[in-house]
Amino acid sequence: MSNGTEVDMKDVALNEVEQEKQPMTEGEAANNYGISPVSEKNGIVKVKIPEEESKFTGLTKEELMKVAGTTGWVKVRWALLILFWLGWLGMLAGAIAIIIQAPRCKPLPEMNWWNYGPLYQIGDVNSFTESSKLIGVAEKVKAIDELKMKGLIIGPIHVSSADEPEKLKLTEIAEEAGDLTQFQEVIKAAHKRGISVVLDLTPNYKGKEPWFADAVSTVVKLESALVHWLKEGVDGFLFYGVEKVSTAAPTLWEDVRVLIHNQTESEGKTKKVLIGVTDQSSPDDIVAVLNKTGVDLLLTGALRSISALDVANTVDRLYSTYSQTRLAWNIGGRIAGHLASLVGLAKVKLNQLLLLTLPGTPVFNYGDEIGLQDEVTKNPIMVWGDSKQNMTEGETTTFHKFFKSVSEKRSKERSLQHGEYLPLFNSTSAMAYVRSWDQNERYLIALNWHSTETVTLQLKHAEIPEHATVVFSTTDDKDGNVLNLAQLEVKPEQGIILTFPYTT
């Protein structure tokens, strides 16, 4: 009996040893790595492995209260609280230091709608469009908007006969120009695109003088006409010969000025502009007319001078006397004619660049963007599409493309729109200046009116770097070229606009 038992016990021990020597099964491996399968088969023995659950039991409320009251935990809590407030105060101090040290943004100047872009003058509506009369102007508003124009100066379109005041009807549209319905369509189309409409209401526009001999009676008629057109949605008025009427009827002219300027932005109304036109060209005479008439903008003959030095002196004088929101720059006009006829085709882009980069509001005659020239009259037929006039299609395209590009740049850049003006150089044939605003990109403009000679400008100033990058050029110079400002070559009849970044 005992022998049999010994044998059995040995067999069991042997079997256990043999099992340990056998390879571990998948279930056993899983169990050794913390995985809990339900059961595994090991040879002929089926081993049941129970699942094990590990549970974490936190401290009870009573235990937490006991720990919270210990000296060590109180010290830890105070240390964490102090660290939190020190970190918060450090971040606050850092934020304050950043705000104090960071350069402050300069407040934007107070501007009116006519300060944000060029104005476009259409004297004779029938010469401007393929479709006759005012309805044709309404159809071309989209093309005008693409030039980034902010205002249209239309007319005169009222009934008038040369030097016959008794036939003057300031509230009626002349039949050859269209009718009230068509004019309302112009206003509607323009306002839809954010373009304001200014009406040239010069009374005796068909006569030799802009005002009739009896200026007093004419101004009396004018006041009721202003009210009429303001109700129709007109955004301002333009008058030729403003210094003459303000002298002949000063009190009545002041009433006209007040009537227009009393139109405010309340009740959805935009501010109305009063624009004057004078033949005066000297800075002193222009200042005198501005002071006497009180107009918002004054168109003059100042930039028709053939001397770059005269142009520079005029700009310097007017810029130092008035805010640039009151300055307007033009070369042509309804009576003066078109830009290309006044400066020559070779200088069209140069003068486009000048007008679009001076501090103030540029004013263009229709067709100045394509180099349109006067022929028999000062109201030549506008060139649209494939129509031909006194220029090739290639010329109109290059003028138009250049104008559109520079005008678009002006509409986007604060330095060009309302930036400060810094003269760098001027002579009888060339000038250079910088436009800059606060921390925005700066722009340097260099112009050479000479027809045959290249000028080398040695531009050095504390506010300009040694080099700047070409943005636009009126010649074939590639945009993106980096030029040395200390030896800046400007070719004959060339205009260049360069850019450089703001630096502290």
Side-chain angles (χ1 to χ4, degrees), residues 106-119 150 273-278 280-331 350-364 406-407 409-411 413-438 440-447 449 457 459 461-464 495-499 502:
K106 191 175 181 179
L108 294 175
E110 185 176 345
M111 297 172 64
N112 301 295
W113 62 260
W114 56 85
N115 303 129
Y116 285 97
L119 306 183
K150 288 299 178 183
V273 66
L274 175 58
I275 304 176
V277 185
T278 178
Q280 302 296 337
S281 58
S282 74
D284 289 342
D285 290 338
I286 292 171
V287 168
V289 175
L290 273 169
N291 291 340
K292 186 174 184 179
T293 61
V295 294
D296 297 301
L297 300 175
L298 183 65
L299 306 185
T300 72
L303 299 186
R304 296 184 198 129
S305 171
I306 59 173
S307 169
L309 187 61
D310 290 340
V311 172
N313 289 339
T314 298
V315 176
D316 291 346
R317 170 69 194 282
L318 295 179
Y319 181 75
S320 63
T321 307
Y322 300 100
S323 163
Q324 62 176 288
T325 57
R326 286 197 68 191
L327 300 182
W329 305 107
N330 67 293
I331 294 177
L350 182 148
N351 284 277
Q352 288 177 347
L353 185 61
L354 171 71
L355 290 168
L356 287 167
T357 58
L358 286 176
T361 300
V363 181
F364 294 93
V406 180
S407 185
K409 175 65 72 173
R410 184 192 187 279
S411 70
E413 299 294 333
R414 288 181 175 176
S415 291
L416 292 175
Q417 197 169 79
H418 52 73
E420 297 169 354
Y421 171 82
L422 173 66
L424 294 177
F425 175 86
N426 58 70
S427 69
T428 56
S429 63
M431 67 182 293
Y433 50 92
V434 169
R435 300 295 309 282
S436 62
W437 177 258
D438 199 22
N440 294 271
E441 196 84 359
R442 276 86 166 101
Y443 290 90
L444 188 153
I445 296 89
L447 308 162
W449 275 268
L457 306 181
L459 303 179
H461 193 279
E463 295 191 22
I464 67 172
I496 310 174
I497 178 169
L498 307 100
T499 184
Y502 161 81

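Hydrogens, waters and symmetry mates play no part in the numbers below; they use all other heavy atoms, side chains included.
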Are any non-hydrogen side-chain atoms of [X] and [Y] less than 4.5 angstrom apart?
{"X": "Trp113", "Y": "Val273", "answer": "yes"}
{"X": "Trp114", "Y": "Lys150", "answer": "no"}
{"X": "Leu358", "Y": "Tyr319", "answer": "no"}
{"X": "Pro118", "Y": "Ser407", "answer": "yes"}
{"X": "Lys409", "Y": "Leu416", "answer": "yes"}
{"X": "Val363", "Y": "Leu297", "answer": "no"}

If you take all heavy atoms of [X] and [Y], which pair is closest and at what distance?
{"X": "Leu422", "Y": "Glu463", "answer": "CD2-OE1, 4.0 Å"}
{"X": "Ala308", "Y": "Trp449", "answer": "CB-CE3, 3.4 Å"}
{"X": "Ile331", "Y": "Arg304", "answer": "O-NE, 2.5 Å"}
{"X": "Leu447", "Y": "Leu350", "answer": "CD2-O, 4.1 Å"}
{"X": "Thr314", "Y": "Pro283", "answer": "OG1-CG, 3.6 Å"}
{"X": "Leu355", "Y": "Pro362", "answer": "O-CB, 3.3 Å"}

Between [X] and [Y] (side chain of the first, backbone of the second, donor and acceptor by atom type, cut-off under 3.5 Å), is there such a pair?
{"X": "Asp285", "Y": "Ser281", "value": "no"}
{"X": "Asn115", "Y": "Asn112", "value": "yes"}
{"X": "Trp329", "Y": "Pro359", "value": "yes"}
{"X": "Ser323", "Y": "Arg326", "value": "no"}

With side-chain contact (heavy atoms from CB on, under 4.5 Å) as the test, would you mind laying out the steps for Met431 and Leu457 before giving the verdict?
CA-CA 9 Å; Met431 67 182 293; Leu457 306 181; over 6 Å; no
To the nearest 0.5 Å, how far apart are [atom1] in [X] and [atom2] in [Y]?
{"X": "Leu318", "Y": "Thr300", "atom1": "CG", "atom2": "OG1", "answer": "7.5 Å"}
{"X": "Thr278", "Y": "Leu290", "atom1": "OG1", "atom2": "CG", "answer": "9.5 Å"}
{"X": "Trp437", "Y": "His418", "atom1": "CH2", "atom2": "NE2", "answer": "6.0 Å"}
{"X": "Arg442", "Y": "Glu420", "atom1": "CZ", "atom2": "CD", "answer": "8.0 Å"}
{"X": "Leu309", "Y": "Thr428", "atom1": "CG", "atom2": "OG1", "answer": "7.0 Å"}
{"X": "Thr361", "Y": "Asn330", "atom1": "OG1", "atom2": "CG", "answer": "11.0 Å"}

Trace of the side-chain contact (heavy atoms from CB on, under 4.5 Å) decision for Arg414 with Leu108:
CA-CA 9 Å; Arg414 288 181 175 176; Leu108 294 175; 3.9 Å; yes
Passing candidate, side chain to side chain contact (heavy atoms under 4.5 Å, CB included) with Thr293, options Val289, Asn291, Asp296
Val289
Identify which one of Asn440, Asp438, Val434 satisfies the side chain to side chain contact (heavy atoms under 4.5 Å, CB included) criterion when paired with Ser415.
Asn440
Could you tell me whether the side chains of Tyr433 and Thr357 share a donor-acceptor contact shorter than 3.5 Å?
yes
Passes side-chain contact (heavy atoms from CB on, under 4.5 Å), Tyr421 versus Arg435? Steps please.
CA-CA 5 Å; Tyr421 171 82; Arg435 300 295 309 282; 4.1 Å; yes
CA sep, side-chain torsions, deciding dist, call: Leu444, Leu459, side-chain contact (heavy atoms from CB on, under 4.5 Å)
CA-CA 10 Å; Leu444 188 153; Leu459 303 179; 4.0 Å; yes
